[in-house]
Amino acid sequence: MGKSVQISVACPVCAGAFSPTRSGHLYCSETCRKRHHKQEKAKETKVKKARRIAAKFKKLSTTPFGKYLVRELKRAGSVEVLRGHTKTSLGSLVKLRTRCNTVSGYDEGKPRGTYELSHIYAAQGEHGLGRLHPKNLVIAPRAFNRSIGAAGSDDWLDLYVDYPLLENNWKLTPDMTAEQVLKLARKYLKEPFDDWLSSFTITASQQQTLIKKLIEQGYKQSNLIGLDLDELKELAANAEIEVYTADSDSEGAFAVLCEELARQTPNSELLSMALILKGIRWASNIDDVLFRLKEKDIKAATEFVCEQGWRRLHRMQCESEWHGIPLNEFFTGNPLESEI
DNA sequence: ACTCCCACGATCAAAGCGCG
DNA sequence: CGCGCTTTGATCGTGGGAGT
């Protein structure tokens with residue numbers, strides 16, 4: 001121990017100079033020593049978090065939403081249609097997609113496809129790519145979605161990405177794998193993507209669940225791995241494993257319209273009208289509420305509002321009169337009174 | 001007086017379960 | 001399939017008690 005030797009070294013934490021009093025004396029003070037441990041621990045948790053997200057990311061392409069994302073991105077040909085997404089908006093997109101399936105109903109376990117996520121500014125419009133964002137998507141009847149074709153105006157800047165501004169490094173080619181597509185999307189969105197992924201719950205698909213249950217029953221994994229859902233269900237039936245097959249009717253267009261109007265145009269007059277129309281058949285004071293509209297015309301007027309609603313949601317030209325009656329003269333200012 | 005250690009509750013993510 | 005609810009597991013800050 002060179003007790004008499006006075007060597008001054010820099011503390012690796014605060015960079016301040018100090019003289020070590022013994023070998024292995026690394027930090028200038030207890031505070032710095034602790035701070036150093038804290039930093040090491042923070043580094044460790046950061047690495048762990050990254051690992052957790054990476055594991056989740058691997059599974060993403062096997063989930064229904066992951067597949068949807070890949071499909072839509074490939075269709076667009078660029079991950080830039082994800083422009084402006086945040087953790088929250090990505091979450092909303094997930095919700096919107098599942099909601100679309102729910103209102104469509106299921107037939108033998110498969111979504112009926114009654115409704116589609118319709119682009120307001122067309123996916124591949126005249127001036128650019130419609131954004132894959134809840135702002136630019138509407139749950140709409142399939143027939144309506146298919147009938148409008150590519151549409152969009154060049155002043156809907158918030159809804160699309162200009163063709164000339166698309167960058168080559170964000171472009172996608174049809175031969176790319178799902179993992180490659182998602183990797184690019186993640187790279188493009190950066191932290192918001194990981195933040196969202198961290199909160200996104202990945203649930204095992206029915207296929208994965210069945211495979212697991214069948215293995216528990218003694219089946220060999222190697223025999224199950226290539227089978228599709230229907231084949232697995234058949235095996236499960238033999239093994240007396242209960243399988244649920246989703247089966248439900250699609251929801252009525254008017255109810256779905258009201259939901260979407262509330263989401264996209266919460267303060268519109270059309271929404272108010274639609275809500276009254278929706279509730280009027282349960283009302284005890286119909287006569288007080290109706291103004292120029294006749295009771296026998298309610299059904300036809302509803303259909304009119306429905307059609308105009310889908311058009312309005314797509315920012316298309318709308319008619320504000322039905323058989324000479326302006327929308328705002330359908331009803332008086334009296335609130336609906338429920339029959340119950 | 002100070003460090004070290006562990007219990008404790010709060011919080012959040014992941015996995016499991018049951019239902020329609 | 002999608003949802004709500006529960007269980008399990010990991011992490012983190014606080015604080016008291018034991019030991020030096």
Side-chain angles (χ1 to χ4, degrees), chain A residues 13 21-22 24-71 87-88 90-117 134 139 142 191-217 227-237 239-252 255-256 259 263:
Chain A
V13 176
T21 55
R22 54 179 169 77
H25 193 175
L26 297 177
Y27 308 97
C28 68
S29 64
E30 190 54 31
T31 321
C32 276
R33 195 185 66 81
K34 274 205 280 190
R35 197 178 294 166
H36 174 253
H37 279 298
K38 227 177 183 180
Q39 286 169 352
E40 288 298 298
K41 223 174 177 189
K43 253 188 232 166
E44 212 175 285
T45 56
K46 206 175 160 190
V47 170
K48 269 190 190 165
K49 192 181 175 191
R51 236 182 258 151
R52 220 188 58 228
I53 292 190
K56 241 174 158 178
F57 181 75
K58 252 190 192 160
K59 291 187 196 163
L60 183 59
S61 62
T62 70
T63 66
F65 181 75
K67 285 179 183 160
Y68 162 79
L69 202 56
V70 170
R71 208 167 48 239
K87 175 187 176 181
T88 325
L90 282 166
S92 310
L93 185 59
V94 174
K95 279 260 164 65
L96 197 62
R97 198 197 70 87
T98 53
R99 184 70 192 141
C100 183
N101 281 341
T102 306
V103 296
S104 289
Y106 291 88
D107 177 29
E108 311 248 313
K110 295 180 182 64
R112 289 177 190 269
T114 319
Y115 296 93
E116 293 176 340
L117 283 185
I139 300 176
R142 174 172 41 192
E191 293 84 28
F193 187 94
D194 281 7
D195 287 348
W196 161 75
L197 188 58
S198 170
S199 66
F200 178 66
T201 51
I202 289 181
T203 48
S205 70
Q206 212 169 8
Q207 198 164 358
Q208 290 160 336
T209 319
L210 275 181
I211 288 177
K212 200 178 158 193
K213 280 191 181 162
L214 285 165
I215 289 173
E216 274 170 18
Q217 295 282 320
L227 303 180
D228 70 21
L229 188 56
D230 289 336
E231 291 166 325
L232 287 170
K233 279 185 178 174
E234 215 177 304
L235 281 182
E240 292 184 359
I241 297 170
E242 271 195 48
V243 182
Y244 179 71
T245 300
D247 230 317
S248 58
D249 287 335
S250 55
E251 292 182 18
V256 176
E259 249 182 58
R263 184 173 70 86

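In the text below, chain A, chain B and the rest are named by the order of the sequence lines, each starting its count at 1.
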> Using a cut-off of less than 4.0 Å, is there contact between a side-chain N or O of A/K56 and OP1 or OP2 of B/dA13?
Replying inline: no
> Should A/R52 be listed as having a side-chain N or O under 4.0 Å from OP1 or OP2 of B/dA14?
Replying inline: yes
> Quick one, which residues of residues 227-234 of chain A touch DNA chain C with a heavy atom under 4.0 Å?
Replying inline: none
What pairs with [X] under side-chain hydrogen bond (donor to acceptor under 3.5 Å, both in side chains), at least two apart in sequence or on another chain?
| X | answer |
| --- | --- |
| A/K87 | none |
| A/D195 | none |
| A/Q208 | A/S205 |
| A/Q207 | none |

> Looking at residues at least two apart in the chain, or sitting in another chain, which of them share a ring pair (Phe, Tyr, Trp, His ring centres under 6.0 Å) with A/F57?
Replying inline: none
> According to the salt bridge (Lys or Arg N to Asp or Glu O under 4.0 Å) rule, which pairs have a member within residues 202-214 of chain A, sequence neighbours left out?
Replying inline: none
> Which pairs, with at least one residue in residues 58-69 of chain A and sequence neighbours excluded, count as a side-chain hydrogen bond (donor to acceptor under 3.5 Å, both in side chains)?
Replying inline: A/S61-A/E179
> Can you list every pair that meets side-chain hydrogen bond (donor to acceptor under 3.5 Å, both in side chains) and has a residue in residues 96-108 of chain A, with sequence neighbours left out?
Replying inline: A/R99-A/E251, A/R99-A/E259
> So what does A/N101 touch, heavy atoms closer than 4.0 Å: a base, only the sugar-phosphate, or nothing?
Replying inline: sugar-phosphate
> With sequence neighbours excluded, what pairs up with A/Q217 under the side-chain contact (heavy atoms from CB on, under 4.5 Å) test?
Replying inline: A/Y219, A/I241
Between protein and nucleic acid, restricted to nucleotides 18-20 of chain B and to nitrogen or oxygen atoms under 3.5 Å apart, what atom pairs and distances do you find?
{"residue": "B/dG20", "atom": "N3", "partner": "A/Y244", "partner atom": "OH", "Å": "3.4"}

>> Please list, in numerical order, the residues of residues 195-215 of chain A that have a heavy atom closer than 4.0 Å to any atom of DNA chain B.
In response: A/S198, A/K212
